[in-house]
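Per chain, numbering begins at 1; letters A, B, ... match sequence-line order. Only a predicted model underlies this, so the values are computations on that prediction, with no experimental measurement involved.
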Amino acid sequence: MIKDSRLPGKADKWLHTVQARLADLDPGQREELVDGFRSHIQESIDAGGDVDAVLAELGSPGAVAADALKAETPGGPRYLNAKRVLQIVGVVLTVAAAAVMSVLPSFESVTTDSSGHEKIETQTLLEVQGIAFLIVLLIPVLVAAVPLFLRGRAWQVTSIVVAAALALFVILGALSIGRFYLPAAIIEIVAIFVPVRRHNQER
Amino acid sequence: MVTDARSLTNLRRGLVEFCVLALLETEPTYGLALARRLQEDQLVAGESTLYPLLARLRSSGLVESEWRESPTGRPRKYYAITDSGRDAVATFRLSWVSLRNAVDHTLGGNS
């Protein structure tokens, strides 16, 4: 990357926007593209062009990045990859955990009747805590599902936050409901470290 | 039938890649000069379409790029054809004439 950029602020902002919108691209590919545009803008200004006119000629950074992504992946960026599949499995595991805790007898009470016979009664978590407790059980499900609706850098950052949140939930609730979400937390943490197969790799 | 705008765009993109390689055969060139030449020849609609193409050619090993000092003293990115790129454009040249003639003939040759 060029080290000493003397481009006007508008041009730098244009380039940074393009770079951000190309988050889905292989880093080397993205750098090559941004360097090309940077050099083009610099050359145009050096040749006497006005920065506004040069940027207008190139087009809006969003449109330029979209066209570049389309050119790299004619079918569109791939949504389903190994990382995403792991996150889907993570969501399924949180749903399973919530379902198990909803129906699993968790509390046992012993009563003795007048004739001295003991009667053991079991109750589920929801029967003891109330149906509203289902909301608490579904919070990890909703949290785990958030990354599935995102792409690019937002997806990557949110994936880390979600994995950390689930891990914290498991730790804080280790003696109660937290441990049921341990498999989901592990899967979400593993997903963070799975590399995303970028566009044009192995081409 | 595959005769929509996307197919024509892909066809044009493929042809422009070889045109860019041909332009680089003589000597390395910088982006703005390439973009203006392609626009003059009406091979690209906008200058911004050149750089994804160049990035693709570079990742395919047909073109290489490097920063050089321009006459103004500022760094300028130059693009040069590689040996693989020369082979590719040579192969394309051999095929293009017969392909063009075949298409013209099929389309009726009423030009």
Side-chain angles (χ1 to χ4, degrees), chain A residues 1-7 11 14-15 17-19 21-22 25-49 53-76 198-203, chain B residues 2 4-17 20 24 28-40 44-80 82 84 88:
Chain A
M1 292 274 271
I2 185 171
K3 290 182 183 176
D4 181 24
S5 168
R6 297 178 190 172
L7 291 176
W14 188 95
L15 286 166
T17 306
V18 168
Q19 188 168 14
R21 299 285 179 96
L22 294 175
L25 273 190
D26 173 80
Q29 200 85 343
R30 182 171 61 245
E31 183 177 329
E32 181 68 21
L33 268 168
V34 173
D35 275 354
F37 286 125
R38 182 183 298 278
S39 184
H40 177 100
I41 293 169
Q42 186 69 73
E43 293 153 26
S44 300
I45 294 173
D46 287 346
V54 170
L55 295 180
E57 173 71 29
L58 285 173
S60 74
V64 166
D67 286 344
L69 282 172
K70 215 183 296 183
E72 294 303 322
T73 53
R198 303 288 181 181
H199 303 298
N200 295 323
Q201 271 187 341
E202 299 171 19
R203 231 179 155 188
Chain B
V2 188
D4 57 3
R6 182 181 288 181
S7 301
L8 291 172
T9 299
N10 288 338
L11 175 65
R12 177 183 288 269
R13 183 182 297 132
L15 293 174
V16 171
E17 286 185 358
V20 167
L24 293 175
T29 311
Y30 57 97
L32 182 63
L34 269 175
R36 289 190 171 163
R37 175 62 189 274
L38 291 171
Q39 271 197 308
E40 281 168 11
V44 293
E47 293 175 340
S48 62
T49 56
L50 170 64
Y51 296 96
L53 186 153
L54 286 169
R56 212 162 40 248
L57 289 174
R58 186 173 174 273
S59 71
S60 301
L62 303 180
V63 160
E64 55 194 9
S65 63
E66 63 174 355
W67 289 99
R68 292 186 194 174
E69 192 173 334
S70 67
T72 63
R74 291 189 183 159
R76 175 188 273 172
K77 198 152 179 101
Y78 278 80
Y79 300 89
T82 63
S84 298

Practice item. For side-chain contact (heavy atoms from CB on, under 4.5 Å), just list the numbers for A/E32 and B/R56, CA-CA rounded to whole Å, side-chain angles, deciding distance to a tenth of an Å, and then say yes or no. Key: CA-CA 9 Å; A/E32 181 68 21; B/R56 212 162 40 248; over 6 Å; no
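- Residue B/L54 does not touch chain A at all, counting heavy-atom pairs closer than 4.5 Å.
- Counting heavy atoms from C-beta on, the side chains of B/P52 and A/D67 never come closer than 4.5 Å.
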Practice item. Could you walk me through whether B/R36 and A/E43 pass salt bridge (charged side-chain N to carboxylate O under 4.0 Å, His left out), step by step? Key: CA-CA 12 Å; B/R36 289 190 171 163; A/E43 293 153 26; over 6 Å; no
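- Distance CD1/A/I45 to CZ/B/R74: 8.0 Å, rounded to 0.5 Å.
- Here the OG-CG distance, from B/S48 to A/L55, works out to 11.5 Å after rounding to the nearest 0.5 Å.
- Considering every non-hydrogen atom in both A/G36 and B/K77, the closest pair reads N-CD, 4.2 Å.
- Rounded to the nearest 0.5 Å, atoms OG (B/S59) and CG (A/D26) are 8.5 Å apart.
- Considering only residues two or more places apart in sequence or on other chains, B/E66 meets the side-chain hydrogen bond (donor to acceptor under 3.5 Å, both in side chains) condition with B/R68.
- A/R38 contributes atom CZ, which lies 7.5 Å from atom CH2 of B/W67 (distance to the nearest 0.5 angstrom).
- Chain B forms the most heavy-atom pairs under 4.5 Å with one residue out of A/G28, A/S44, A/G59, and that residue is A/S44.
- In this structure B/Y51 satisfies the ring pair (Phe, Tyr, Trp, His ring centres under 6.0 Å) test together with A/F37, A/H40, sequence neighbours excluded.
- Of all the listed residues (B/L50, B/T72, B/T49), the one sharing the greatest number of non-hydrogen pairs under 4.5 Å with chain A is B/T72.
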